[in-house]
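Read the structure below first, then the notes.
Quick note: numbers below take in every heavy atom, side chains included, and nothing from hydrogens, waters or symmetry partners.
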Amino acid sequence: MKSWSTTVVTPLSSDTEPTVLVNFDGAKYIFNVGENTNRAFTQSQQNYKRMSGVFLTQVNSQRARMLMSFADGGTSKLSVLGPPGLRHYMASMRSFVYRPQMAVTTTECLSDQDATLPEVFYKDDNITVYAFPISNLVPFPKYEASMAALSKAGKKRKRSQSPEENKPTEEKPSKVVKLDENDTLELSPDVLRETAIQLMFPPKQLGQIPAGPAKEGETTETDEYRRIIPAWFHRQLPSFLFPPAFPRASTLAYIVVGPRVRGKIDGNKLHELGVPFNELRSKLAKGETIQFEAKSPDGPYVRTVRPEDVTGKSDPPAAVIMLDVPSVEMIPSVVRSFDTVYKPFRSSNPNDLEKHTVRVIYHLLGPGVLEDKRYKAFMRGFPAATEHVISSPEHSPNPVTFTSFALNQYRLSQLDSEAFPIPKFNLSPMRQLSDVPSLPPKVHIMAANIHIPLRPPGPLQIDHSVPHDRFHSVWTPERLLSKDSRLPETTVKAFEDAKEALSQRPPPEIKRPSHVKVLPLGTSSTLPNKYRNVLSTLIRTPNGNILLDAGEGTLGQLIRRFGVGSEEDVDVMLAKLKCIFLAKPPQHPLYVVTVRKVHVSLKESHELEDLGLCDDPKENGVIPILSEALNFRYNEYPTMGLWRIGGNEPWADINLSRRRVSDMCRLLALEFFKTIDVHHRTKAYAAYFRSRDSWSIAFSGDTMPATRFSRIANGATLLIHEATMADGEEELASTKAHSTVGQAIQVARDMNAKNVLLTHFSARYPKMPPSILAPPEEKKTERGGPLVTLAFDLAEMDLDQMWKMNLYLPAIEQCFKDSSEEGDEDLYATVPGSLDG
């Protein structure tokens with residue numbers, strides 16, 4: 001008997017999107033992998049081993065993250081399935097992803113919403129999956145009559161044309177692809193995307209693709225992964241055009257049907273048929289047909305017994321439905337599908353219930369959908385025993401997702417509430433589910449760790465195998481009596497000592513206050529953990545905000561820090577964002593400074609999801625600036641070697657980027673913004689910018705020590721530098737192209753930086769890296785050396801008062817020692833060999 005169940009990994013919240021796991025003993029299937037799914041697995045101490053399939057309801061940043069983490073978690077074979085655009089989305093990451101250890105197959109759903117028969121989208125030994133589009137297309141004329149006639153005939157019909165204003169453009173196969181004015185290929189867009197994905201996940205038998213000569217007449221090159229790649233690989237892919245059956249903004253619905261379980265063996269029938277008491281009975285129980293010698297009045301003969309001869313009535317397979325309905329305009333599409341093709345799944349007819357039993361429906365709903373009378377009537381059409389799990393922005397609370405981090409932040413807030421603000425959260429939704437009339441009986445708001453056993457069947461429950469949430473208990477009315485809310489005596493003593501030291505130290509004289517705030521939003525290296533998000537740092541200046549790196553989960557971190565609905569909320573912070581060094585529509589241009597390959601990936605993703613990209617600053621959109629154009633070493637792009645540009649698109653023109661950076665500097669009141677090429681395993685840049693108010697910041701988030709960086713950024717007010725490894729791990733740091741704590745501090749010394757903020761820590765050190773609290777004399781040179789401090793997620797620092805955080809370090813370390821949780825020692829042991837990039 002195959003047991004299976006569903007579990008909510010993440011609900012809708014400030015930093016997560018709904019993600020649901022379907023669990024079998026030997027396989028897992030995940031539906032959507034939104035923001036912070038990876039980190040949520042770490043927080044819950046779950047894992048994604050034995051992951052077999054990823055099913056996406058949409059192809060965008062809300063639904064499709066983490067796809068590449070499965071390879072690092074030991075998955076050797078993965079099916080990725082979703083709507084049209086899936087391959088384009090995956091191919092857009094081709095320059096940054098190479099996972100030869102994992103074989104990937106991709107499948108796009110091309111099912112027509114007007115199909116008359118269910119079409120199997122995916123099938124294996126565990127599940128059978130049906131998929132169909134949900135769109136906001138106007139219903140077609142005479143739809144009901146034509147569908148009724150075709151249902152009787154048992155045939156499919158051709159799709160009628162939608163009204164002209166809804167008529168999408170179909171991508172037609174083409175043998176000739178025009179990449180730019182001088183370059184064409186005898187390949188279709190689909191072939192380009194498939195080839196790109198094969199180079200990201202090469203067939204297992206090929207393993208590492210060695211460098212070698214190109215085939216005769218074929219232009220190729222070798223990239224940093226030593227893949228032999230075609231010349232078009234780093235060029236921008238052709239535009240993606242949605243097929244007519246799946247217009248832009250459509251979603252994909254899934255019906256997941258589990259295995260049919262045979263009835264129980266009937267002992268009386270075994271006796272009647274004379275089945276011997278030996279291994280033959282075990283074979284019958286496994287579903288095998290057996291033969292044995294039996295006796296009759298006419299003599300012995302061979303009797304054949306089939307499993308169905310000795311078993312009772314089989315149970316109908318359980319079914320799970322996933323519905324992603326972001327707008328009320330899409331409700332007719334949902335209703336239409338379940339009134340026609342998939343009507344048996346929304347039926348109380350005994351014949352239909354014998355085929356399958358819908359146990360649970362996951363509703364991922366946009367604003368207004370749940371309270372629409374049409375949708376409520378649709379929900380009531382399912383059998384009364386069906387569980388409905390609802391994700392809806394008006395009806396969902398916003399609890400803290402990463403409770404281990406939040407509990408630490410609460411403790412540190414008692415040291416300094418301004419430096420360590422408590423994450424914003426809300427346990428009360430805007431509208432209670434109980435206030436919504438006319439809902440079906442079994443309705444629940446989606447919450448983390450909701451678990452529904454499907455075979456054997458069981459009631460909805462909370463999975464208590466996950467670690468206990470100790471943060472929210474602190475915020476109950478009895479929190480002053482809660483053991484978790486009281487600090488250990490050693491932490492209290494350390495905090496008192498730090499505050500005493502602070503009171504005894506006079507603040508340094510500041511001739512011209514900068515009024516600049518430094519806010520680390522993520523401080524981990526390759527992988528997040530329950531205490532640290534991946535790298536991102538916000539610089540808040542009087543003239544606008546600058547974001548240095550923007551790892552996954554950055555937006556969620558901003559919302560947790562600033563909240564929603566206040567005078568200084570996340571919308572205000574985003575409205576002031578003017579530069580991202582590497583989307584809400586801004587009230588001014590948002591300049592994104594990064595290498596050309598990233599810009600290409602963004603432009604390709606923009607085909608599927610509106611990212612606000614544009615080339616005209618007057619449109620107040622997202623404006624690309626190439627890091628290569630700002631490199632202090634070159635007046636023109638190099639044509640050879642690692643630092644070549646790799647493309648000649650109009651938006652990549654060197655003078656255009658330089659004009660744009662001048663506009664950006666004017667907006668931010670900067671004297672200049674430069675990039676410096678640094679040492680990493682791929683093309684990487686550091687940044688250095690100086691304000692007209694004389695303060696300056698140098699940033700290098702992922703690099704080995706670089707002499708030229710120290711020279712160009714000499715005298716920086718603040719150096720933000722990666723310190724992935726601990727002192728004593730210099731050899732490993734060199735192999736991984738990273739820096740140790742001591743090496744980062746030495747860069748600051750060589751730079752004559754006043755302050756150094758260390759970040760980008762290995763997952764080996766989930767809370768605090770070792771060796772940072774060495775005796776002061778070991779950290780200083782004859783001229784005093786830089787003031788050293790560490791970056792902590794959501795710890796806000798004043799650029800003129802970095803010395804405060806330096807004084808807090810012993811107290812912070814003591815707090816971390818006193819607040820260790822079960823499993824902390826295993827945080828860096830889950831994905832060996834991939835922790836540090």
Side-chain angles (χ1 to χ4, degrees), residues 6-22 28 30-48 51 54-70 251 322 324 326 362-367 389-407 409 422-430 444-451 462-463 466-467 469 471-472 521-522 524 527-534 536 550-564 570 609 793-794:
T6 66
T7 302
V8 175
V9 180
T10 56
L12 178 67
S13 72
S14 291
D15 35 31
T16 56
E17 292 288 335
T19 298
V20 177
L21 199 62
V22 173
K28 295 177 182 179
I30 196 166
F31 287 79
N32 291 330
V33 280
E35 286 277 324
N36 280 316
T37 303
N38 198 350
R39 192 179 179 195
F41 270 108
T42 304
Q43 174 66 59
S44 64
Q45 294 186 10
Q46 299 184 69
N47 62 68
Y48 35 85
M51 192 67 69
V54 177
F55 295 82
L56 305 177
T57 61
Q58 300 179 46
V59 180
N60 56 31
S61 57
Q62 289 184 315
R63 299 287 186 260
R65 293 284 193 180
M66 191 190 162
L67 293 178
M68 311 316 156
S69 299
F70 295 121
T251 68
M322 307 278 179
D324 191 345
Y362 289 96
H363 302 264
L364 315 184
L365 307 180
V389 180
I390 308 292
S391 170
S392 171
E394 304 103 316
H395 309 90
S396 298
N398 184 24
V400 168
T401 304
F402 306 110
T403 55
S404 297
F405 161 76
L407 182 58
Q409 194 81 344
I422 297 169
K424 300 291 193 299
F425 68 98
N426 194 339
L427 299 181
S428 299
M430 290 186 286
H444 319 270
I445 282 295
M446 182 179 287
N449 307 315
I450 280 183
H451 182 77
I462 298 296
D463 184 356
V466 300
D469 169 13
F471 172 74
H472 292 102
L521 299 170
S524 185
L527 295 174
N529 61 59
K530 62 184 183 180
Y531 298 109
R532 296 183 182 274
N533 199 48
V534 288
S536 184
E552 179 185 349
T554 294
L555 179 60
Q557 293 287 81
L558 284 167
I559 298 173
R560 288 297 183 198
R561 169 60 184 86
F562 297 106
V564 177
V570 67
E609 177 184 15
D793 285 29
L794 303 191

Can you list the steps and then say if Asn32 with Leu364 is a side-chain contact (heavy atoms from CB on, under 4.5 Å)? CA-CA 11 Å; Asn32 291 330; Leu364 315 184; 3.7 Å; yes
Backbone N or O of [Y] within a donor-acceptor pair of the [X] side chain at under 3.5 Å?
X	Y	value
Ser536	Thr554	no
Asn398	Ser14	yes
Gln557	Leu521	yes

Which distance, rounded to the nearest 0.5 Å, do you find between the [atom1] of [X] and the [atom2] of [Y]?
X	Y	atom1	atom2	result
Met322	Thr57	CE	OG1	9.5 Å
Thr6	His451	OG1	NE2	7.5 Å
Leu527	Glu552	CG	CD	10.5 Å
Asp469	Ile462	CG	CD1	11.5 Å
Ile30	Phe41	CD1	CZ	4.0 Å
Phe471	Thr401	CZ	OG1	11.0 Å

Check the pair Ser44 / Val9 against side-chain contact (heavy atoms from CB on, under 4.5 Å), numbers first and verdict last. CA-CA 8 Å; Ser44 64; Val9 180; 5.6 Å; no
Indicate yes or no: at least one non-hydrogen side-chain atom of Val400 is less than 4.5 angstrom from one of Phe405.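 Of all side-chain heavy-atom pairs linking Phe405 with Val400, none is under 4.5 Å.
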Just so I know, are the side chains of Pro393 and Leu12 near enough to count as touching, which here means a heavy-atom distance under 4.5 Å?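 In contact.
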Looking only at heavy atoms, what is the nearest atom pair of [X] and [Y], with distance?
X	Y	result
Gly553	Glu35	N-OE1, 2.7 Å
Pro397	Ser428	CB-N, 4.4 Å
Pro399	Ser13	O-CB, 4.3 Å
Ala40	Thr10	CB-CG2, 3.2 Å
Thr7	Asn449	CG2-CA, 4.3 Å

Are Asp324 and Thr251 close enough that a side-chain donor and a side-chain acceptor fall under 3.5 Å?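 No donor-acceptor contact under 3.5 Å links the two side chains.
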With sequence neighbours excluded, tell me which residues meet side chain to side chain contact (heavy atoms under 4.5 Å, CB included) with [X].
X	result
Gln43	Phe402, Thr403, Ser404, Lys530
Pro528	Asn38, Arg39, Asn533, Val534
Lys424	Arg561

For [X], what residues pass the side-chain hydrogen bond (donor to acceptor under 3.5 Å, both in side chains) criterion, not counting sequence neighbours?
X	value
Asn426	none
Gln409	none
Ser396	none
Ser392	Glu394, His395

What residue pairs, at least two apart or across chains, pass salt bridge (Lys or Arg N to Asp or Glu O under 4.0 Å) with a residue in residues 6-22?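 The answer is Asp15-Arg560, Glu17-Arg63.
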May I have the step-by-step check of side-chain contact (heavy atoms from CB on, under 4.5 Å) for Leu56 and Val54, ending in yes or no? CA-CA 7 Å; Leu56 305 177; Val54 177; 3.9 Å; yes
Applying ring pair (Phe, Tyr, Trp, His ring centres under 6.0 Å), can you list everything that pairs with Phe55, at least two apart in sequence or on another chain?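 Phe31, Tyr122, Tyr254.
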Ring pair (Phe, Tyr, Trp, His ring centres under 6.0 Å) with Phe562: which residues, sequence neighbours excluded?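 So Phe562 forms no ring pair (Phe, Tyr, Trp, His ring centres under 6.0 Å) with any residue.
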